[in-house]
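Structure first, then comments.
Letters A, B, ... are given to chains in the order of the sequence lines, protein chains preceding strands, and every chain is numbered from 1. If you're wondering where the values come from, they're calculated on a predicted model, not measured in any experiment.
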Amino acid sequence: MYIVKRILTMLLTIWVITTLTFIIMHSIPGDPFASDADVLPEEVLANMRAKFNLDEPLPVQYVLYLKDLAQFDLGPSIQSETRDVNTLIADGFPASAVLGLQSLVIALVFGLLLGIIAALNHNGILDYASMGFAILGISIPSFILAPLLINYFAVDWGMFPVASWGTWQHTILPSVALATAPLAIVARFMRSSMLEVMNQNYIKTADAKGLAITGIVIKHGIRNALIPVISFIGPLAAFLLTGTFVIEKIFAIPGIGKYFVDSIFNRDFPVILGTTIFFSTILIVTLFLVDISYRIVDPRIKLSSKGE
Amino acid sequence: MSRLLEVNDLKVSFKTYGGEVKAVRGVDFHIDQGEVLAIVGESGCGKSVTAQSIMGLLPKKVSMIKGGSVTFNGEEILGLPKKKMQKLKGSEIGLISQDPMTSLNPTMRIGSQIAEAIKKHTNYSKSQVYARVIELLHLVGIPNPEKRYKQYPHELSGGMRQRVLIAMALSCEPKLLIADEPTTALDVTIQAQILDLLKDIQKRLDTSIILITHDLGVVAEVAQRVAVMYAGVVIESGEVEEIFEAPKHPYTWGLLHSVPKYEKGNHEKSRLVPIEGSPPDLFAPPVGCPFAARCEYAMEICVDQMPDVTKSSPTHSARCWLNDSQAPSVKDFVAAGGER
Ligand SMILES: Nc1ncnc2c1ncn2[C@@H]1O[C@H](COP(=O)(O)OP(=O)(O)O)[C@@H](O)[C@H]1O
Ligand code: SF4
Ligand SMILES: [Mg+2]
């Protein structure tokens with residue numbers, strides 16, 4: 001019952017986002033054919049507008065778009081004559097997905113580890129070292145970190161390719177550049193969560209049972225400390241998805257970000273709408289999965305209960 | 001009866017931003033096999049810190065054991081290596097903590113939490129461990145043990161959680177059970193049930209129990225001996241009858257006046273007289289008697305010098321200058337202890 005409710009809400013959310021994007025997109029000034037207006041005769045332009053339904057009144061365009069959307073058809077691209085929006089996404093998304101997921105894994109695995117180590121060495125050298133690193137990681141933006149990484153690891157030491165995409169080696173530097181800031185944030189978050197948990201009475205209870213410290217940390221500490229951190233994975237995924245745009249540009253990665261940015265400058269309406277809906281869907285699904293895992297880890301929340 | 005645990009001149013301090021908190025400043029007591037000893041005193045007098053020192057549960061970074069000794073079965077256990085202490089904790093000495101609501105892991109089934117201790121200290125098979133947990137849940141009066149086994153702490157009431165914690169502490173049949181205010185956080189009716197359970201267990205398993213409480217009413221019901229603590233020191237200790245009928249310390253008199261009077265057959269509650277004032281600052285505890293600032297019998301020497309321990313019977317001792325052979329008159333305050 002809960003799942004059904006959630007899925008309906010998700011569909012509703014996607015519809016609202018589609019509608020808002022549609023309205024905002026058409027209220028900013030600009031015309032997809034602005035650059036062609038000088039060279040092409042008026043009749044040709046009119047034909048092209050008709051092809052993309054742009055001659056229809058907006059409400060009609062809106063309904064036509066929703067009809068296609070319901071069949072998972074995101075329509076043709078105005079800029080690209082050969083590829084429609086579905087193809088653009090299918091072409092660009094794999095690279096973006098690899099980049100985003102790999103960064104997410106790096107950020108979570110190393111962030112959690114760092115946070116746990118720091119907490120267990122509270123006020124010790126390892127604590128200060130990891131938190132110093134975390135502050136650096138948070139304050140250096142990825143568009144500065146990326147060129148630095150390229151300069152040392154690719155150009156000077158030749159350990160990785162400078163740019164482009166293809167083999168697994170190509171994915172390392174961009175993933176690291178993208179993951180550093182979220183890794184640092186996860187580490188700080190996990191540290192404070194872990195510190196709080198290790199001060200709880202039930203940790204004393206476990207200690208009084210005579211359990212060894214590693215058992216206490218793993219079975220009683222980490223699991224409970226993870227709960228608040230899980231709720232942070234949703235926004236983190238959002239950050240990594242949008243963050244890819246900059247990194248894709250710097251490393252010349254054929255991801256989806258390029259199409260999204262170009263489409264806005266070109267007023268390529270179907271691409272703007274299509275990519276926005278696509279990204280929102282991914283986000284909404286991610287949040288849903290996070291919510292489910294939250295409920296699995298924390299028995300106090302039941303799948304049958306309402307939201308928060 | 002053989003001596004099970006002996007605490008001698010235990011001193012514990014905490015490092016804080018404000019300086020050193022001298023929480024326990026020389027505590028002495030002992031407990032024999034099969035005995036129930038009550039440790040009584042106002043909140044903040046160092047009862048929990050004493051219990052945690054015995055169990056080696058003090059937060060390592062901020063606490064300092066400044067001196068003293070704790071012997072268990074004749075063996076010194078203060079400062080025992082971690083591994084050896086882990087063997088003792090949960091198997092020889094069990095602890096029931098003050099707050100049942102927060103002392104269970106919220107994301108772990110209660111059965112597994114009890115099983116953990118058994119697995120640690122025995123080499124039982126899986127099914128033996130399970131059977132033992134069910135047996136323990138039965139023992140502490142939890143109905144439907146098979147069903148409860150799978151539940152999480154939030155599905156249990158406070159009283160039930162305390163029963164689970166008791167089951168956990170008893171899981172390996174410890175010789176000594178330390179119950180740190182086991183009923184403070186519970187409803188009055190539940191309090192009585194938990195006390196009855198502890199009494200019952202003590203009889204059935206012959207476990208020695210250190211019952212920490214600030215409630216003298218509880219003491220009279222359960223304990224054979226009492227140690228009264230004030231500002232990190234045991235100021236009086238003795239058999240229950242000695243403490244209730246012939247108390248030798250003005251603080252104990254105050255405590256007796258501040259609880260409904262315990263008398264068989266007397267159901268009328270006497271007037272409650274709280275002790276005025278508050279305990280001394282533990283950052284800079286007084287050099288003399290810690291109770292001097294609140295004591296209506298305080299003399300000059302009380303402020304200058306910590307009173308020695310005086311014995312009025314082989315089992316009854318107190319730290320108060322009034323018991324000194326040179327003190328003015330002893331009769332007056334014996335009377336004062338009875339009726340005011
Ligand atoms: N971790 C700690 N850091 C600093 N002071 C502490 C700490 N734990 C206990 N204390 C102090 O030790 C004193 C005794 O505390 P406690 O033993 O808990 O009292 P109670 O008799 O109520 O159980 C109190 O003054 C308390 O403030
Ligand atoms: S020593 Fe002095 S101040 Fe302390 S309790 Fe006895 S009479 Fe009171
Ligand atoms: Mg306490």
How about [X]: does its [atom1] atom have over 12 heavy atoms from other parts shown lying under 6.0 Å from it?
{"X": "B/Asn123", "atom1": "CG", "value": "no"}
{"X": "A/Glu196", "atom1": "CD", "value": "no"}
{"X": "B/Tyr149", "atom1": "OH", "value": "yes"}
{"X": "B/His154", "atom1": "NE2", "value": "yes"}
{"X": "A/Arg188", "atom1": "CZ", "value": "no"}
{"X": "A/Ile125", "atom1": "CD1", "value": "no"}

Problem - Contacts of A/Pro228 that satisfy side chain to side chain contact (heavy atoms under 4.5 Å, CB included) - sequence neighbours left out - result: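 A/Pro228 satisfies side chain to side chain contact (heavy atoms under 4.5 Å, CB included) with A/Ser193 once adjacent residues are dropped.
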Practice task
Please identify each residue that fulfils side chain to side chain contact (heavy atoms under 4.5 Å, CB included) with A/Leu145, with sequence neighbours left out.
Solution key: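 For A/Leu145 the side chain to side chain contact (heavy atoms under 4.5 Å, CB included) partners, ignoring immediate neighbours, are A/Ile140, A/Leu149, A/Thr180.
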Exercise for the section: Could you tell me whether a side-chain N or O of B/Thr107 sits under 3.5 Å from a main-chain N or O of A/Asn224, the two making a donor and an acceptor? Expected result: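 No, because the side chain of B/Thr107 does not come within donor-acceptor range (under 3.5 Å) of the backbone of A/Asn224.
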Ignoring hydrogens, what is the shortest heavy-atom contact between [X] and [Y]? Give both atom names and the distance.
{"X": "A/Thr205", "Y": "B/Met168", "value": "CG2-SD, 3.6 Å"}
{"X": "B/Pro106", "Y": "A/Pro299", "value": "O-CG, 3.4 Å"}
{"X": "B/Lys89", "Y": "A/Asp207", "value": "NZ-OD1, 2.6 Å"}
{"X": "A/Leu120", "Y": "B/Lys61", "value": "O-NZ, 4.3 Å"}

Exercise for the section: Mind running side chain to side chain contact (heavy atoms under 4.5 Å, CB included) on B/Glu116 and A/Lys219 for me, showing each step along the way? Expected result: CA-CA 10 Å; B/Glu116 239 184 355; A/Lys219 285 176 88 174; 3.6 Å; yes
[X] portion near chain B, given a 4.5 angstrom heavy-atom threshold:
{"X": "A/Ile203", "result": "neither"}
{"X": "A/Val197", "result": "neither"}
{"X": "A/Ala212", "result": "both"}

Exercise for the section: Tell me, for B/Leu165 versus chain A, whether the close heavy atoms (under 4.5 Å) come from the side chain, the backbone, both or neither. Expected result: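 It is the side chain, since no backbone atom gets that close.
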Handout entry: Which atoms of B/Leu95 approach chain A - backbone, side chain, both or neither, heavy atom under 4.5 Å
Key = side chain
Fill in the blank from the handout: Of the listed B/Gly90, B/Ser103, B/Ala117, the one with the largest count of heavy-atom pairs under 4.5 Å with chain A is B/Ser103
Problem - CG-NZ distance between A/Leu211 and B/Lys119, expressed to the nearest 0.5 angstrom - result: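 These two atoms lie 10.5 Å from each other.
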Exercise for the section: Any chance you could measure B/Ser48, atom OG, to A/Lys204, atom NZ, to the nearest 0.5 Å? Expected result: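 NZ of A/Lys204 is found 9.0 Å from OG of B/Ser48.
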Handout entry: Donor-acceptor side-chain pairing of A/His220 and B/Gln113 below 3.5 angstrom
Key =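 There is no such pair (donor and acceptor under 3.5 Å, judged by atom type) between the side chains of A/His220 and B/Gln113.
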Exercise for the section: Compare all side-chain heavy atoms of B/Lys120 with those of A/Lys209 and state whether any distance is below 4.5 angstrom. Expected result: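 No; the side chains remain at least 4.5 Å from each other.
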